[in-house]
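First comes the structure, then the notes that go with it.
Position 1 is the first residue of the sequence, and the numbers go up from there. Keep in mind that the numbers below use all heavy atoms, side chains included, and drop hydrogens, waters and symmetry copies.
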Amino acid sequence: MQSESQIPTPAAVKRRFAVSLALFYSALFAVSGTQLPFFPVWLKAIGIDAAWIGLINALPAITRFTTLPQITAFAEKRHAIRAGMMVSVLATAIGFAAVGLQQHPLALFLIYALTCVMWTPSTPLTDAYALRGVARYGLDYGPLRLWGSAAFAASSLACGYLVDVIAPRDLIWVIVAWAVVAMLASLLLQPLDDIRRKTTERHTDTALLRDVGFWALIASAALIQGSHVAYYTFSAINWQLHGISGLTIAGLWTLGVIAEIVVFALSPRFLLHPSTMMAIGGLSAVVRWIVTANEPPLPLLAIVQLGHGLTFGMTIVGTMNLLVQRVPSHQLARGQGYYAACSGLLGAVTSIASGAIYARIGDGLYYVMAAMAAAGALLIWSARHRLKAHPQSEDSGG
């Protein structure tokens with residue numbers, strides 16, 4: 001059977017798919033770029049106390065390993081991944097607008113919970129849609145995904161500027177505005193062929209769950225990416241304690257994002273097997289966190305931050321390339337859902353534990369993160385021979 005990536009496709013069709021997906025990635029990650037750092041600021045501005053803020057901000061992580069896998073599987077069974085993306089961002093815009101009209105903690109909690117149920121599947125669904133396009137049109141994932149990283153950084157910086165210009169109580173409407181942009185961008189997404197009309201579905205719905213290689217892949221990715229929890233949660237706090245200014249901290253974070261974008265852009269030239277790329281990402285994280293734990297001087301810290309391109313960027317490129325090779329095209333959304341659930345569960349547990357660990361040993365928390373990354377690198381390396389076999393490639397079009 002001719003694989004999907006070998007089916008002749010007019011260049012204009014391929015280009016329209018890539019451009020519309022890049023625009024959607026940009027808008028989608030702009031929502032996260034404003035929500036992640038500034039939603040808590042808005043909650044505080046409207047008078048929500050710290051305990052409620054903590055509960056409310058835990059909701060996205062909770063939905064990632066509870067409702068998200070069911071939603072991605074439902075969209076896949078209905079052959080409606082693109083429609084699921086469109087519904088997701090529409091519901092996100094409506095949900096954040098409804099949140100913006102509330103000030104009572106319980107009402108905010110309930111409305112935001114419903115919003116997160118619809119919002120958190122948007123990225124896994126988009127990645128599944130992107131990977132189907134990668135298989136269908138012979139594209140590379142990295143150059144498509146880099147626009148999301150660029151938009152995340154740009155929107156965070158722009159919203160950071162707005163914090164000094166508009167009232168904090170109005171920040172929610174910046175998030176809503178980006179969600180509306182994402183909704184409009186979703187209208188440009190190109191439909192993909194119904195894969196079940198092109199292939200014979202040989203696998204049952206549970207076949208993926210019995211694939212040891214698949215579980216090794218997503219567990220390894222979750223461990224390596226989960227090792228970034230200390231960085232995401234405590235780096236700014238820790239660097240401030242060591243006398244680093246806010247502007248310098250922003251610059252350090254930006255260096256990491258720039259390195260990530262460069263890796264995504266160059267990824268089509270990488271000749272390594274995806275499992276090797278993930279192992280490199282994990283080992284790079286081990287080095288990065290050990291150096292960070294030893295309070296390096298600012299020039300060395302800046303170099304270490306450039307390692308984000310390897311620890312995050314290389315890992316996710318390897319993960320996505322393996323998913324498109326390992327998972328049949330008609331199960332990519334389900335595979336993304338399981339990956340997001342595994343990452344969300346481990347991330348939530350690690351986040352909770354890291355608070356207690358940081359309170360006891362401070363910078364020593366990074367040694368724990370290094371151990372997590374080492375476990376992920378060891379796992380993917382030990383499974384490399386199994387993952388180099390592509391038992392499902394005929395179905396996946398990879």
From [X] atom [atom1] to [Y] atom [atom2], the distance as rounded to the nearest 0.5 Å:
{"X": "R145", "Y": "I316", "atom1": "CZ", "atom2": "CD1", "value": "4.5 Å"}
{"X": "F17", "Y": "L144", "atom1": "CZ", "atom2": "CG", "value": "6.5 Å"}
{"X": "I46", "Y": "L171", "atom1": "CD1", "atom2": "CG", "value": "11.0 Å"}
{"X": "S220", "Y": "L322", "atom1": "OG", "atom2": "CG", "value": "9.0 Å"}
{"X": "T292", "Y": "L300", "atom1": "OG1", "atom2": "CG", "value": "8.5 Å"}
{"X": "F152", "Y": "E260", "atom1": "CZ", "atom2": "CD", "value": "9.0 Å"}

Is the closest side-chain donor-acceptor distance between [X] and [Y] under 3.5 Å?
{"X": "R64", "Y": "T120", "answer": "no"}
{"X": "Y358", "Y": "N238", "answer": "yes"}
{"X": "Q190", "Y": "R82", "answer": "no"}

Compute the ring centroids of H228 and W289, then answer whether they are less than 6.0 Å apart.
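That pair passes the under 6.0 Å test.
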Pair W119 and F96, ring centroids less than 6.0 Å apart:
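Yes - the distance between ring centres of W119 and F96 falls below the 6.0 Å cut-off.
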Would you confirm whether [X], through its side chain, and [Y], through its main-chain N or O, come within 3.5 Å as a donor-acceptor pair?
{"X": "E76", "Y": "R334", "answer": "yes"}
{"X": "Q305", "Y": "L255", "answer": "no"}
{"X": "T276", "Y": "L272", "answer": "no"}
{"X": "S88", "Y": "M118", "answer": "yes"}
{"X": "W239", "Y": "I249", "answer": "no"}
{"X": "R384", "Y": "W381", "answer": "yes"}
{"X": "S343", "Y": "A340", "answer": "no"}
{"X": "S267", "Y": "F264", "answer": "yes"}
{"X": "D140", "Y": "P143", "answer": "no"}
{"X": "S32", "Y": "F29", "answer": "no"}

Nearest heavy atoms of [X] and [Y], plus distance in Å:
{"X": "I111", "Y": "G95", "value": "CG2-O, 4.0 Å"}
{"X": "A182", "Y": "F24", "value": "O-CE1, 3.5 Å"}
{"X": "A230", "Y": "L365", "value": "CB-CD2, 3.5 Å"}
{"X": "F65", "Y": "A341", "value": "CB-O, 3.4 Å"}
{"X": "L55", "Y": "F109", "value": "O-CE1, 4.0 Å"}
{"X": "F214", "Y": "R326", "value": "N-NE, 4.3 Å"}

Answer whether the closest heavy-atom distance between the side chains of [X] and [Y] falls below 4.5 Å.
{"X": "T72", "Y": "Q336", "result": "no"}
{"X": "L187", "Y": "M86", "result": "yes"}
{"X": "H308", "Y": "V257", "result": "no"}
{"X": "I56", "Y": "F39", "result": "yes"}
{"X": "L68", "Y": "P124", "result": "yes"}
{"X": "S149", "Y": "Y25", "result": "no"}
{"X": "M314", "Y": "F270", "result": "yes"}
{"X": "M320", "Y": "D127", "result": "yes"}

Check whether [X] and [Y] end up in the same hydrophobic cluster, where Ile, Leu, Val, Met, Phe, Trp and Tyr are linked by side-chain heavy atoms less than 4.5 Å apart.
{"X": "L43", "Y": "V41", "result": "yes"}
{"X": "W42", "Y": "I94", "result": "yes"}
{"X": "L192", "Y": "L28", "result": "yes"}
{"X": "L217", "Y": "L346", "result": "yes"}
{"X": "L146", "Y": "L139", "result": "yes"}

Go through the steps for I290 and Y366 under the test side-chain contact (heavy atoms from CB on, under 4.5 Å), then give the verdict.
CA-CA 6 Å; I290 289 176; Y366 283 106; over 6 Å; no
Counting only heavy atoms not in Y367, do more than 12 sit closer than 6.0 Å to its OH atom?
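Correct, the count exceeds 12.
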Answer yes or no: are there more than 12 heavy-atom neighbours, outside W253 itself, under 6.0 Å from its atom CH2?
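Atom CH2 in W253 is crowded, with more than 12 foreign heavy atoms closer than 6.0 Å.
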Test side-chain contact (heavy atoms from CB on, under 4.5 Å) on T311 and Q225; report intermediate values, then the result.
CA-CA 8 Å; T311 64; Q225 300 293 14; over 6 Å; no
Please lay out, stage by stage, how Y129 and L21 fare under the test side-chain contact (heavy atoms from CB on, under 4.5 Å).
CA-CA 9 Å; Y129 173 83; L21 179 57; 3.8 Å; yes
Applying side-chain contact (heavy atoms from CB on, under 4.5 Å) to Y231 and M369, what does each step give before you reach the verdict?
CA-CA 9 Å; Y231 165 64; M369 300 297 104; over 6 Å; no
